[in-house]
There are 2 protein chains.
Amino acid sequence: MSDNKQTKSNDEIQLLVFKALADPIRLEIIKYLKHLDHEVACGEVGKVIEISKTSGSYHFKLLESAGLINTRREAREKYVTLNEQTFNKYVTDFYRNI
Amino acid sequence: MSDNKQTKSNDEIQLLVFKALADPIRLEIIKYLKHLDHEVACGEVGKVIEISKTSGSYHFKLLESAGLINTRREAREKYVTLNEQTFNKYVTDFYRNI
DNA sequence: AAAATAGTTCAAACATTTTTGAACTATTTA
DNA sequence: TAAATAGTTCAAAAATGTTTGAACTATTTT
């Protein structure tokens, strides 16, 4: 495990967040997770929205590095949920705070 | 003047909005307009944030087609303001409504 | 132990977005 | 009327983002 301090400015995170939201597949993933409202494995999401596992891996990585999802690995599987705090801070409150 | 009915679904607009927000120059423009809080010509914004007029034209066009800005042409100049309604509907309320 | 499953990584191919400069329209100023 | 100003359009170049399949790690099932 690396213990690098996460040194990203709010502006950098803000941009990563909007970039992560600027894609139809990632919006589908987000909608799916919001409506499910509980932890689910990446692979299951990928099956539902019909993308390859490689493509899934790519999109989940982007969502994760924007802080929009929380992930937990259990054995072979990686479980994800939405990170509401990030949505609140960088999306819902965006216009108010700029 | 064309009188084409604007036939874009909410999902299409939602994507255009996030794509428009996924760029550092356009975020700068938006911040500038928000803080000014009154109408301003494209050219003035372009000068402040130091971009070429061609680049300005390109970015303002994207913001406009996402509905994030209102524009008004007066003689040579094009005046812009933020369109708060679009921010409210597609950004602030995004997470609540998906 | 072998096969199956979940996910990652890599580089190449492909697709989309952004920048650039030149040429253009329309308006205003000298 | 000529020159200056504000902005647009175009196509080519440059930069970024996404998909693909093969090879890989790690875990679980048979």
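The sequence lines fix the lettering, A, B, ..., with proteins before strands; numbering per chain opens at 1.
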For B:Glu84, what residues pass the salt bridge (charged side-chain N to carboxylate O under 4.0 Å, His left out) criterion, not counting sequence neighbours? none

Does A:Lys78 have any salt bridge (charged side-chain N to carboxylate O under 4.0 Å, His left out) partners at least two apart in sequence or in another chain, and if so, which? A:Glu64

Tell me which residues in residues 66-82 of chain A put a heavy atom below 4.0 Å from DNA chain D, sorted by number, or none. A:Ala75, A:Arg76

Close side-chain approach of A:Leu21 and B:Leu15, heavy atoms under 4.5 Å: no

Are A:Val80 and A:Asn70 side-chain neighbours, meaning at least one heavy-atom pair lies under 4.5 Å? no

Round to the nearest Å and state the distance from A:Arg26 atom CZ to C:dT16 atom P. 14 Å

Say you draw a straight line from [atom1] of [X] to [atom2] of [Y]; how long is it, rounded to the nearest 0.5 Å?
X: B:Lys8; Y: B:Gln14; atom1: NZ; atom2: CD; value: 13.5 Å
X: A:Lys19; Y: A:Ser65; atom1: NZ; atom2: OG; value: 11.0 Å
X: B:Leu82; Y: B:Leu68; atom1: CG; atom2: CG; value: 8.0 Å
X: A:Gln85; Y: A:Asn83; atom1: CD; atom2: CG; value: 5.5 Å

Sequence neighbours left out, what pairs pass salt bridge (Lys or Arg N to Asp or Glu O under 4.0 Å) with at least one residue falling in residues 28-37 of chain B? A:Asp11-B:Lys31

Going by salt bridge (Lys or Arg N to Asp or Glu O under 4.0 Å), name the pairs with one or both residues in residues 88-98 of chain B, residues two or more places apart or in two chains. B:Asp93-B:Arg96

Please determine whether side-chain contact (heavy atoms from CB on, under 4.5 Å) holds for the pair B:Ile69 and B:Leu33, giving the CA-CA distance in whole Å, both sets of side-chain angles, and the decisive distance to 0.1 Å. CA-CA 9 Å; B:Ile69 57 174; B:Leu33 295 176; 4.0 Å; yes

Using a side-chain heavy atom cutoff under 4.5 Å and only I, L, V, M, F, W and Y, what cluster partners does B:Leu16 have? none

Residues of residues 29-53 of chain A with any non-hydrogen atom less than 4.0 angstrom from an atom of DNA chain C: list those, numerically ordered, please. A:Ala41, A:Cys42, A:Gly43, A:Lys47, A:Lys53

Please work out which residues in residues 54-63 of chain A have a non-hydrogen atom less than 4.0 Å from an atom of DNA chain C and list them by number. A:Thr54, A:Ser57

Show the atom names and distances, to 0.1 Å, of all donor-acceptor pairs under 3.5 Å that link a side chain in residues 43-63 of chain B to residues at least two apart or in another chain.
| residue | atom | partner | partner atom | Å |
| --- | --- | --- | --- | --- |
| B:Glu44 | OE2 | B:Tyr32 | OH | 3.2 |
| B:Ser52 | OG | B:Ser55 | N | 3.0 |
| B:His59 | ND1 | B:Arg26 | NH1 | 3.0 |

Contact interval (first through last nucleotide) of DNA chain D with protein chain A, 4.0 Å heavy-atom: D:dG17 to D:dT28

Residue pairs passing the ring-ring contact (aromatic ring centres under 6.0 Å, His included) test where at least one lies in residues 67-98 of chain B, sequence neighbours excluded: A:Phe87-B:Tyr95, A:Tyr95-B:Phe87, B:Phe18-B:Phe94

So what is the end-to-end bend of the helix from C:dA1-D:dT30 to C:dA30-D:dT1, with 5 pairs used at each end and the value given to 10 degrees? 10°

Okay, side chain of B:Thr86, backbone of B:Gly67: is any donor-acceptor separation there less than 3.5 Å? yes

